[in-house]
Number of protein chains: 4
Amino acid sequence: MSAVAKKKESASADASSFAKSQLRALVERIERLEEEKKALADDIREVYGEAKANGFDTKALRAVVRMRGQEPAERQEFEAIVELYRDALGIGGN
Amino acid sequence: MSAVAKKKESASADASSFAKSQLRALVERIERLEEEKKALADDIREVYGEAKANGFDTKALRAVVRMRGQEPAERQEFEAIVELYRDALGIGGN
Amino acid sequence: MSAVAKKKESASADASSFAKSQLRALVERIERLEEEKKALADDIREVYGEAKANGFDTKALRAVVRMRGQEPAERQEFEAIVELYRDALGIGGN
Amino acid sequence: MSAVAKKKESASADASSFAKSQLRALVERIERLEEEKKALADDIREVYGEAKANGFDTKALRAVVRMRGQEPAERQEFEAIVELYRDALGIGGN
DNA sequence: CCGGGAGGAGAGGTCC
DNA sequence: GGACCTCTCCTCCCGG
């Protein structure tokens, strides 16, 4: 028979203890994962740095990567709307 | 904390007093200007909100405003580089 | 061309005209506000220049201004954390 | 066409080929890293889901995690402010 | 579908 | 004058 079942008093204490240790575990797992995520972000930044060192235009490079990661359809629609607005403003107003 | 500041004041009262009031005036002016700047930023955000409420695509609208605020030459060059990169990757890779 | 078609066209034309003038008005307002915002940024830069001319360390001055702006928020957050821990522990929840 | 001109052409072609493969390699590396990063983001989301399933308030939990990450930086800044005020007062120089 | 929060891109400032 | 780096703003995505 467990201590919890035996003592009603400690029941709530145990519950709160349990919640605390659970919270701790969750926060640790999250922080560990975020650490890894951050490391990857750093790696990516490094690659862009490398690209820059090799004479690539990182802004354009980012734009290309972004384009590749998105549906052609939505991209086209966006461009169409931009054109529409530019026309409405007199297209020379760029 | 206050004890430290107090001690400092006593140490070189006159020179430090003058510097202090000057500093205060400068900080106040800066904070006032930044406040106004922030208010304008809010106004701008509001206008975009209004645009959205009237059915405009705010993302496209922002793009158009950005375009209008920049030299055509640099814009074209940027687009050219992007095209170059896309070609190099096989232009279908969008 | 039928009268109906014509009416439709006019209607569209009107709607589009309206949208056009709306768009123009919005863009003008935005650009005006951004102009003012930029002017304020210039003013702020001027004040820092003045401070520097009077022997202040502008980098430190900027840091001071920044911190003054952040302190209240930090304090609030710091005091809010206890409450948040409580929530995170599920005390109020299920 | 002169030999010199030809040589130049070949050189350009080679350079461009090289740039192309370099570009491809860079983009591939970036996309691979972003994929991994996204996977970690998914893992993190999963952990929050698990937390929620165990009765935790995920919003509060997120806030707690965020604050834990910010606290050290804030503390440093807060303790640095005295030094900064001294500098801002021009004590050390201009 | 909207608002808020997290992440990324761009602008500005500092240092070399 | 250029590169790095911080900071603000914009965009995207999740949760409600």
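Just so we're on the same page: letters track the sequence lines, and every chain starts at 1. From a predicted model like this one, the values you see are computed outputs, not experimental measurements.
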Checklist line | Check against side-chain contact (heavy atoms from CB on, under 4.5 Å), B:Asp14 and B:Phe18 | finding: CA-CA 6 Å; B:Asp14 293 350; B:Phe18 180 59; over 6 Å; no
Notebook entry, point to check: Yes or no on salt bridge (Lys or Arg N to Asp or Glu O under 4.0 Å) for A:Arg86 and A:Glu83, after CA distance, side-chain angles and deciding distance?
Noted result: CA-CA 5 Å; A:Arg86 291 186 70 191; A:Glu83 278 315 299; 3.8 Å; yes
Note to self: Show, in sequence, the C-alpha distance, side-chain angles and deciding distance for A:Ile81 and B:Leu61, and conclude whether the side-chain contact (heavy atoms from CB on, under 4.5 Å) test is met.
What the structure shows: CA-CA 9 Å; A:Ile81 297 173; B:Leu61 185 51; over 6 Å; no
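With F:dC14, E:dT14, E:dA9 as the choices, the nucleotide that has an atom nearest any side-chain atom of A:Arg66 turns out to be E:dA9. Relative to the side chain of B:Arg62, the nucleotides E:dT14, F:dC10, F:dG15 differ in distance, and F:dC10 lies closest. With E:dG13, F:dT11, F:dC9 as the choices, the nucleotide that has an atom nearest any side-chain atom of B:Ala41 turns out to be F:dC9.
Only D:Lys37, listed by number, bring a heavy atom of residues 26-39 of chain D to less than 4.0 angstrom from any atom of DNA chain E.
Among the protein residues, B:Lys52 comes within range of no part of the nucleic acid, since none of its heavy atoms lies under 4.0 Å from any strand.
Ion pairing of A:Glu36 with A:Arg32 is present here, as a side-chain N (NZ or NE/NH1/NH2) and a carboxylate O approach within less than 4.0 Å. Note on A:Arg75 versus A:Glu71: no salt bridge recorded, every NZ/NE/NH1/NH2 to OD/OE distance being 4.0 Å or above.
Rounded to an integer number of Å, the gap from D:Asp42 CG to F:dC14 P is 8 Å. Rounded to a whole Å, the CZ atom of B:Arg75 is 11 Å from the P atom of E:dG10. At whole-Å resolution of the value, CD1 in D:Ile44 and C1' in E:dG7 are 12 Å apart. Atom CZ in C:Arg45 sits about 7 Å away from atom P in E:dG12, given to the nearest Å. One can place CG of A:Leu40 at 19 Å from P of E:dA6, the figure rounded to the nearest angstrom. Across the protein-nucleic acid pair, A:Glu74 atom CD and F:dT11 atom P stand 14 Å apart, rounded to whole Å. As a whole-Å value, the separation of D:Asp43 CG from F:dC14 C1' is 16 Å.
In this structure the side chain of A:Glu46 reaches within 4.5 angstrom of the side chain of A:Asp43, judged on heavy atoms.
The ring-ring contact (aromatic ring centres under 6.0 Å, His included) test applied to D:Tyr48 returns no partner, not counting sequence neighbours.
Around atom CD of C:Glu31, more than 12 heavy atoms belonging to other residues, nucleotides or ligands sit under 6.0 Å away. Counting heavy-atom neighbours within 6.0 Å of B:Glu77 CD, excluding the residue itself, gives a total of 12 or less.
Both D:Lys59 and B:Phe78 sit near DNA chain E, but only D:Lys59 has its closest nucleotide nearer the 5' end.
Rounded to 10°, the angle separating the first-five-pair axis and the last-five-pair axis of the helix from E:dC1-F:dG16 to E:dC16-F:dG1 equals 0°.
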